[in-house]
Amino acid sequence: MRSHEIDAIHIQTSVNNWYQSPDLPEALAAVAHAAAIYKHRVTYGTSMGGYAALAFSGPLNATGVTAFVPQFSPMVDKVPFDNRWKDERQLIEPIMDDMASQISKTAKIYISYDPYQKIDRKHFELIQATGAKITPLLFPMVDNEVLRFLGDTHLMQKVVLETIDGKATGKGYRSLIRDGRRLSTAYLFYSGLRLIRRRHLARGWDYFLKAMDLPAGQFDHYNRMFIQAQRQAPPAGVAEKIAAIVDRRPENANLLKAYNAHQPELIKLFAA
């Protein structure tokens, strides 16, 4: 931010309460006062932070919003379709949780999400129904890992800066997203998982193998690939391909760690 001459105020919460703390109104007033000297004021966040960027954009007098995979509300009764973090959300006592009245109706809002992620899509539809000026940025087949996809494909800076400047367009990213997909373990993993769930086992494992053959990726993706192999035996020849990739990618510590964690079960499975 500093290298682009962007001043920022960072707000963090010590617990997963979607910022619903008794001092929230006071904190928002302080931030709004400090930011009042700026002509262009953008709220930014992802997931819970994305919710805050949207829900508090009105009280903060924001002129723009950049939100990644945000929620409409943390309250279980308002979004009964979402069971994620349910135990923590049930403990929340709402202080300011009225998206429809709190979201800015004048700010230029960008919301990035995966339209194939059903829960995130439902949240987006509820946010869109508030009547705010929203431009959706679609990142298919990455689940809720949009930021990880942007990091994998080296698009993070471009997307963040263009949404802050209000210059981003949904159509403008389509070719970049399409060209960058082969660089993202997130995209390859979720694409493969979707194909396997639709009984396209061979094609799904082709995507998994491509994800494993990237120079670096996330342990969680690899771990879930190997768990999937134990749930449903992969096609013939996959064991040898996995072993070859592990040997070829010694720098990918996450892949090696995940492979070693499941090696005894995989050896039994492939031997059968």
Side-chain angles (χ1 to χ4, degrees), residues 1-76 78-79 82 84-85 88-89 91-113 120 123-124 126-137 144 146-148 150-151 156-168:
M1 293 291 187
R2 191 171 297 170
S3 63
H4 293 278
E5 298 184 342
I6 298 174
D7 294 333
I9 298 173
H10 301 273
I11 302 175
Q12 292 182 308
T13 177
S14 59
V15 293
N16 290 335
N17 66 352
W18 275 254
Y19 301 89
Q20 301 299 311
S21 300
D23 58 354
L24 174 61
E26 182 182 355
L28 292 177
V31 173
H33 176 74
I37 61 173
Y38 297 91
K39 182 179 179 180
H40 190 39
R41 300 171 297 276
V42 179
T43 54
Y44 167 97
T46 181
S47 191
M48 180 171 68
Y51 158 81
L54 292 163
F56 309 142
S57 58
L60 291 173
N61 300 313
T63 58
V65 180
T66 297
F68 297 92
V69 291
Q71 295 85 47
F72 173 76
S73 169
M75 305 311 297
V76 176
K78 291 184 178 181
V79 288
D82 192 346
R84 299 172 298 182
W85 318 289
E88 293 168 291
R89 289 164 51 210
L91 300 175
I92 295 174
E93 296 182 7
I95 303 296
M96 292 177 64
D97 179 52
D98 186 354
M99 183 67 77
S101 66
Q102 293 169 201
I103 191 171
S104 172
K105 301 303 191 300
T106 57
K108 192 167 188 176
I109 298 173
Y110 292 99
I111 297 180
S112 300
Y113 74 104
D120 289 339
H123 278 289
F124 170 79
L126 288 171
I127 297 166
Q128 190 177 45
T130 63
K133 296 162 56 177
I134 297 172
T135 298
L137 301 179
N144 57 7
V146 172
L147 287 185
R148 186 169 288 175
L150 292 176
M156 179 80 77
Q157 180 171 289
K158 177 180 177 61
V159 171
V160 170
L161 290 178
E162 288 187 356
T163 54
I164 288 176
D165 288 340
K167 297 177 180 178

Practice task
Apply the test side-chain contact (heavy atoms from CB on, under 4.5 Å) to residues K105 and K133: give CA-CA distance (whole Å), side-chain angles for both, the deciding distance (0.1 Å), then the verdict.
Solution key: CA-CA 6 Å; K105 301 303 191 300; K133 296 162 56 177; over 6 Å; no

About how many Å separate [atom2] of [Y] and [atom1] of [X], when rounded to the nearest 0.5 Å?
{"X": "S73", "Y": "W18", "atom1": "OG", "atom2": "CH2", "answer": "9.5 Å"}
{"X": "L137", "Y": "E162", "atom1": "CG", "atom2": "CD", "answer": "10.0 Å"}
{"X": "L60", "Y": "I11", "atom1": "CG", "atom2": "CD1", "answer": "6.5 Å"}
{"X": "Y110", "Y": "I134", "atom1": "OH", "atom2": "CD1", "answer": "12.5 Å"}
{"X": "I109", "Y": "T130", "atom1": "CD1", "atom2": "OG1", "answer": "6.5 Å"}
{"X": "Q71", "Y": "N144", "atom1": "CD", "atom2": "CG", "answer": "9.0 Å"}

Practice task
Verify the distance criterion only: is there a donor paired with an acceptor across the side chains of T163 and T66 at less than 3.5 Å?
Solution key: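 Note: T163 and T66 side chains meet the donor-acceptor criterion.
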
Exercise for the section: Would you tell me whether D97 and Y19 have side-chain atoms, one donor and one acceptor, within less than 3.5 Å of each other? Expected result: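 No, no side-chain donor-acceptor pair sits under 3.5 Å.
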
Closest approach of [X] and [Y], non-hydrogen atoms and distance?
{"X": "V65", "Y": "A53", "value": "CG1-O, 3.7 Å"}
{"X": "S104", "Y": "S57", "value": "N-OG, 2.9 Å"}
{"X": "N16", "Y": "M48", "value": "OD1-CE, 3.8 Å"}
{"X": "H123", "Y": "F72", "value": "ND1-N, 2.9 Å"}
{"X": "Q20", "Y": "M96", "value": "OE1-N, 2.8 Å"}
{"X": "P94", "Y": "M75", "value": "CD-CE, 3.7 Å"}

Do [X] and [Y] have side chains that get closer than 4.5 Å, going by heavy atoms?
{"X": "N61", "Y": "R41", "answer": "yes"}
{"X": "I111", "Y": "P136", "answer": "no"}
{"X": "Y38", "Y": "D7", "answer": "yes"}
{"X": "K108", "Y": "T63", "answer": "no"}
{"X": "I6", "Y": "L161", "answer": "yes"}
{"X": "Q157", "Y": "L150", "answer": "no"}

Practice task
Might you work through the side-chain contact (heavy atoms from CB on, under 4.5 Å) test for Y51 and V69, ending with a clear yes or no?
Solution key: CA-CA 8 Å; Y51 158 81; V69 291; over 6 Å; no

Practice task
Just do the side-chain contact (heavy atoms from CB on, under 4.5 Å) check on E93 and N17 with the steps written out, would you?
Solution key: CA-CA 8 Å; E93 296 182 7; N17 66 352; over 6 Å; no

Expected output: side-chain [X] to main-chain [Y] donor-acceptor under 3.5 Å:
{"X": "S21", "Y": "L24", "result": "no"}
{"X": "Q102", "Y": "A55", "result": "yes"}
{"X": "S47", "Y": "G49", "result": "no"}

Practice task
Return the orientation label for the F68 and Y44 ring planes: parallel under 30°, perpendicular over 60°, tilted otherwise.
Solution key: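 Ring orientation of F68 relative to Y44: perpendicular.
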
Practice task
In plain terms, say whether R84 and D120 are close enough for a salt bridge, that is, a side-chain N and a carboxylate O under 4.0 Å apart.
Solution key: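 Salt bridge between R84 and D120, a charged N being under 4.0 Å from a carboxylate O: yes.
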
Exercise for the section: Applying side-chain contact (heavy atoms from CB on, under 4.5 Å), run through V76 and R89 and close with a yes or a no. Expected result: CA-CA 7 Å; V76 176; R89 289 164 51 210; 4.0 Å; yes

